[in-house]
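Input: a single structure, listed below in structure tokens.
Each chain gets a letter, A, B and so on, in the order its sequence line appears, and its residues count up from 1. Worth knowing before you read on, the calculation uses all heavy atoms, side chains too, and leaves out hydrogens, waters and symmetry mates.
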Amino acid sequence: MSEIDVQLPDGSTRTLPDGATARDLAAAVGARLAKDALAAEVNGELTDLSRTLRHGDVVAIVTPSSDAGRDVLRHSTAHVLAQAVTRLWPGAHFAIGPAIENGFYYDFELPGGQHFTDDDLARIDAEMRAIIAEDQPFTRSEHSVDEGLEIFQNQPFKVEIIRAVAEGANDDVDLGEVSGSVVSTYANSASFVDLCRGPHVPATSRLGHFKLTRVAGAYWRGDEKRPQLQRVYGTAWESATALEAHLTQLREAEKRDHRKLATELDLLSFPSELGGGLAVWHPRGGIVRKEMEDFSRARHVEGGYQFVVTPHLTNARLYETSGHLDFYRDGMYPPMELDNGTYYMKPMNCPMHCLIFRSRSRSYRELPLRLFELGTVYRYERAGTLHGLLRIRGFTQDDSHIYCTEEQLQEEIASLLEFVMNVLRAFGFNDFTANLSTKDPKKYVGSDEIWEKSTAALRLALERFGLRYQEKKGDAAFYGPKIDIDVRDAIGRTWQLSTIQCDFNHPERFDLEYVGADNQRHRPIMLHRALFGSIERFFGVLLEHYAGNLPTWLSPEQVRVLGVRDDHDAYAEHVAQLLRAPGVRVGVELANEPLGARVRRAKLEKIPYVLVVGDDDVANETVGVNARGSNDPERGVGVSAFRDRLVKEIADHGAPEAN
RNA sequence: GCCUGGGUAGCUCAGUCGGUAGAGCAACGCAUUCGUAAUGCGUAGGUCAGGAGUUCGAAUCUCCUCCCAGGCUCCA
């Protein structure tokens, strides 16, 4: 009998009998690996354990607690979901069911146009667990296109996929199911066969740490013109512990939900009388917002920006000139027809800033001209897309437009990036990544030369700054390349916040010019830059990042003073006045409730410092300091010492030390 | 816009078979005077999202509209 040699990931080789499979390799390495093995990676390609190995193959065994292993588990769980649904709804058509981040989904068309409801999840779950208990093997077979069409003749979505791939389509969705002219299927029982490229776990008993999470409608092929299918989402993991950890993480995220916190902390609300996506800011939210705006304004003054103000309404001609009306009419509030023309609520500030640039002749000596506005805009976001402060219909952008020469472009972008990052850091973010979106070769304005030059400028700025970034080829808007900055929050989620965009379209459409040193007219380059993006959205992200425990400088009430008995109330007020003198926001709650109840209330309001004052404090001009996050109050702190500490913390954008 | 699930007091929620509205917290009043996460008693608070219909009778059943949540699509 002949033998083959295969190479393991650590570089060692192993000799196996000819005809050995990946499963045999796992067994040869060790009993533990044989037990854990789910699939294999052979020469970089994921495959089933039943794959026969050849001499010289480089083989890694895929185990559950790896990214590849979890993907296999999730994909196999999706198949079990499809099998369960076809058992419960005979005649159901199934479309696609991939692994996704943290889980999987599968799309179905139920007979008679039925829909899933939340109650169906429990039934489907029970059926899936029955299938898992049956320990059905996943059996791979390969067929010709014609055989594939025959097997799936009653599954129109599968037929469409097979045809599309046979005709040469190669998008990711199709490739997940079929590869080239080989139609592979996985049967896990005589009655359930699914089109699939694989790989899969050896048998259903390897699955089970999953939870179905929700049902939803989803368009076939992601196209809203095509039929809407019924999607079931689930999460699946390699162990009960990992599943539980994920569910805990979801609950943690829920506790931080900015909509919940905004209500609990009395920051803002969305009165239904206003209509969807429109918020009113309450006094406490107003303080946080004002602090954010004041800080932003101060930084923009330092950064050499000039402040401008533009109206909320405009004649439609403006957006005809800018070209936005054709593209974005559906996203704008409907027009107001007046005697002297048609008016719109403004959905963006850029064209108005261009009018300011154009209001008189401009010299190269004025450039770079940096205009800044906290500009409130209104966009008619589709009803189903609204999401608290993160997707809202009326919001304020911290919007800058910078007009510069080609020669200034590099320097301007570099300093912009630094400016943006410094401000984000001041708000407590310190983990950033960026995306660089480059030209869509099919749709763009401006010369190739200027695209290359500005893309290079963006790239150089990113590299000079040492920012990790991904290049998204073809992802730029038609008018210019851009950098988007993502921040990672306290529980690891990423949010896209700031953006720096080049714009070759507005200067053209508004015929912007400056007179150069050569006494010739030149077209400036325009840069768009939003730092918060929208104040509302940034505020929502901040709330979630801090779980409502805003740093002291942003807290609506920074200190609350409580007297132990009501004969301490006068001293409590005295302490409050001393702290208010340097501008600290201090509240006093009089002693007509037990101290414990008042401390509790202040803690629930997430106030950074609760000061308790009693007989000792009145005698010694001291306070008892109970910091947020602490269970251990500090007694007998001198009032002025506390005040100095607090003033410094506010200036440093710090927060109470938790212990 | 589409799919699914919702909307009951300021907040969180209960409300059975269709029989006419309930709790806790918050608010207000009185008492309590207390050293660090819930003092007691009392009072008030509702167009059951809005409208139409079915019914002797609707929070409850039907339809329409608005709003919210989770997805899909979209996001200048």
Summarise how protein sits on nucleotides 26-38 of chain B as a single string, 5' to 3': B when a protein heavy atom is under 4.0 Å from the base, S for sugar-phosphate-only contact, - for no contact. -----BBBBBBBB
Its contact letters, B for base, S for sugar-phosphate only and - for none at protein heavy atoms under 4.0 Å, make nucleotides 7-13 of chain B read -------
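Spacing between A27(B) and G70(B) at atom P, rounded to whole Å, works out to 30 Å. Rounded to whole Å, the C1' atom of G18(B) lies 12 Å from the corresponding atom of C56(B). Taking atom P in both C74(B) and U12(B), one finds a spacing of 33 Å when rounded to whole Å. For A14(B) and C25(B), the C1' atoms lie 15 Å apart once the distance is rounded to whole Å. U16(B) and C61(B) have their C1' atoms separated by 16 Å, given to the nearest Å. For the P atoms, the distance from C11(B) to C75(B) is 35 Å, rounded to whole Å. Separating the C1' atom of C72(B) from that of U60(B) is a span of 32 Å, rounded to the nearest Å. Only the C1' atoms considered, A9(B) is 11 Å distant from A26(B), to the nearest whole Å.
Here D257(A) pairs with R259(A) in a salt bridge; the nearest charged N to carboxylate O distance falls below 4.0 Å. The pair E634(A)-R645(A) meets the salt-bridge criterion, with a side-chain N (NZ, NE, NH1 or NH2) lying under 4.0 Å from an Asp/Glu carboxylate O. Of the charged side-chain nitrogens involved, at least one lies within less than 4.0 Å of a carboxylate oxygen, so that D616(A) and R635(A) count as a salt-bridged pair. Look at D223(A) and R221(A) and you find no salt bridge, because none of the NZ, NE, NH1 or NH2 atoms lies under 4.0 Å from a carboxylate O. By the 4.0 Å N-to-carboxylate-O rule, R123(A) lies close enough to D120(A) to be salt-bridged with it.
Among the atoms of the strands shown, only primed sugar atoms or phosphate atoms (P, OP1, OP2) are found under 4.0 Å from some heavy atom of Y479(A). Across all strands, G277(A) comes closer than 4.0 Å only to sugar-phosphate atoms, never to a base (heavy-atom distances). Residue Y328(A) is in base contact, counting any heavy-atom pair closer than 4.0 Å across all strands shown.
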Apply side chain to side chain contact (heavy atoms under 4.5 Å, CB included) to Y479(A) and Y444(A), showing your working. CA-CA 6 Å; Y479(A) 52 76; Y444(A) 66 99; over 6 Å; no
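For RNA chain B, if you chain together Watson-Crick or G-U pairs that step i with j, i+1 with j-1 and so on, the runs of at least three with distances under 3.5 Å are B:1-7 with B:66-72, B:10-13 with B:22-25, B:27-31 with B:39-43, B:49-53 with B:61-65.
T396(A) contributes atom OG1, which lies 5.5 Å from atom CD1 of I535(A) (distance to the nearest 0.5 angstrom).
The CZ atom of F116(A) sits 12 Å away from the P atom of U4(B) (whole-angstrom rounding). For the pair F108(A) CZ and U4(B) C1', the interatomic distance rounds to 15 Å; values are reported in whole Å. In this structure, W220(A) places its CH2 atom 17 Å from C1' of C3(B), rounding to the nearest Å. In this structure, Y378(A) places its OH atom 18 Å from C1' of A76(B), rounding to the nearest Å. A straight line from CG of L390(A) to P of C68(B) spans 14 Å, rounded to a whole angstrom. Taking atom CG of L389(A) as the reference point, atom P of C68(B) lies 12 Å away to the nearest angstrom.
Contacts classified as salt bridge (Lys or Arg N to Asp or Glu O under 4.0 Å) and involving residues 108-117 of chain A (residues at least two apart or in different chains) are not found.
Taking the six-membered ring where tryptophan is involved, the planes of H258(A) and H387(A) are tilted, since the angle between them lies from 30° to 60°. The aromatic rings of Y378(A) and H312(A) sit tilted, their planes meeting at an angle between 30° and 60°. Between F510(A) and H506(A), the ring planes lie parallel to each other; the angle is under 30°, not in the 30° to 60° tilted range.
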Tabulate protein N/O versus nucleotide N/O from nucleotides 69-74 of chain B, keeping only pairs under 3.5 Å, one per line.
residue: A69(B); atom: OP1; partner: R259(A); partner atom: NH1; Å: 3.1
residue: A69(B); atom: O3'; partner: R259(A); partner atom: NH1; Å: 3.4
residue: G70(B); atom: OP1; partner: R259(A); partner atom: NH1; Å: 3.3
residue: G70(B); atom: OP1; partner: R259(A); partner atom: NH2; Å: 2.8
residue: G70(B); atom: OP2; partner: R259(A); partner atom: NH1; Å: 3.3
residue: G70(B); atom: OP2; partner: H387(A); partner atom: ND1; Å: 3.1
residue: G70(B); atom: O2'; partner: R214(A); partner atom: NE; Å: 2.5
residue: G71(B); atom: O3'; partner: Y233(A); partner atom: OH; Å: 3.1
residue: G71(B); atom: O2'; partner: Y233(A); partner atom: OH; Å: 3.4
residue: G71(B); atom: N2; partner: G217(A); partner atom: O; Å: 3.3
residue: G71(B); atom: N2; partner: Q228(A); partner atom: NE2; Å: 3.4
residue: C72(B); atom: OP1; partner: Y233(A); partner atom: OH; Å: 3.4
residue: C72(B); atom: O4'; partner: G217(A); partner atom: O; Å: 3.2
residue: C72(B); atom: O2'; partner: Y219(A); partner atom: N; Å: 2.9
residue: C72(B); atom: N4; partner: G384(A); partner atom: O; Å: 3.4
residue: U73(B); atom: O2'; partner: E224(A); partner atom: OE2; Å: 2.9
residue: U73(B); atom: O2; partner: R382(A); partner atom: NH1; Å: 3.1
residue: C74(B); atom: O2; partner: R391(A); partner atom: NH2; Å: 2.7
residue: C74(B); atom: N3; partner: R391(A); partner atom: NH1; Å: 3.1

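Residues passing the salt bridge (Lys or Arg N to Asp or Glu O under 4.0 Å) test with K211(A), sequence neighbours excluded: none.
Annotation: cation-pi geometry not satisfied between R537(A) and W495(A) (NZ/CZ under 6.0 angstrom from ring centroid, within 45° of ring axis). With a 6.0 Å cutoff to the six-membered ring centre and a 45° limit on the axis angle, R231(A) does not count as a cation-pi contact of W220(A).
Side-chain rings of F210(A) and W237(A) stay apart, their centers remaining 6.0 Å or farther from each other.
For the OP1/OP2 pair of A76(B) and a distance below 4.0 Å, the side-chain nitrogens and oxygens of H324(A) include no atom meeting the criterion.
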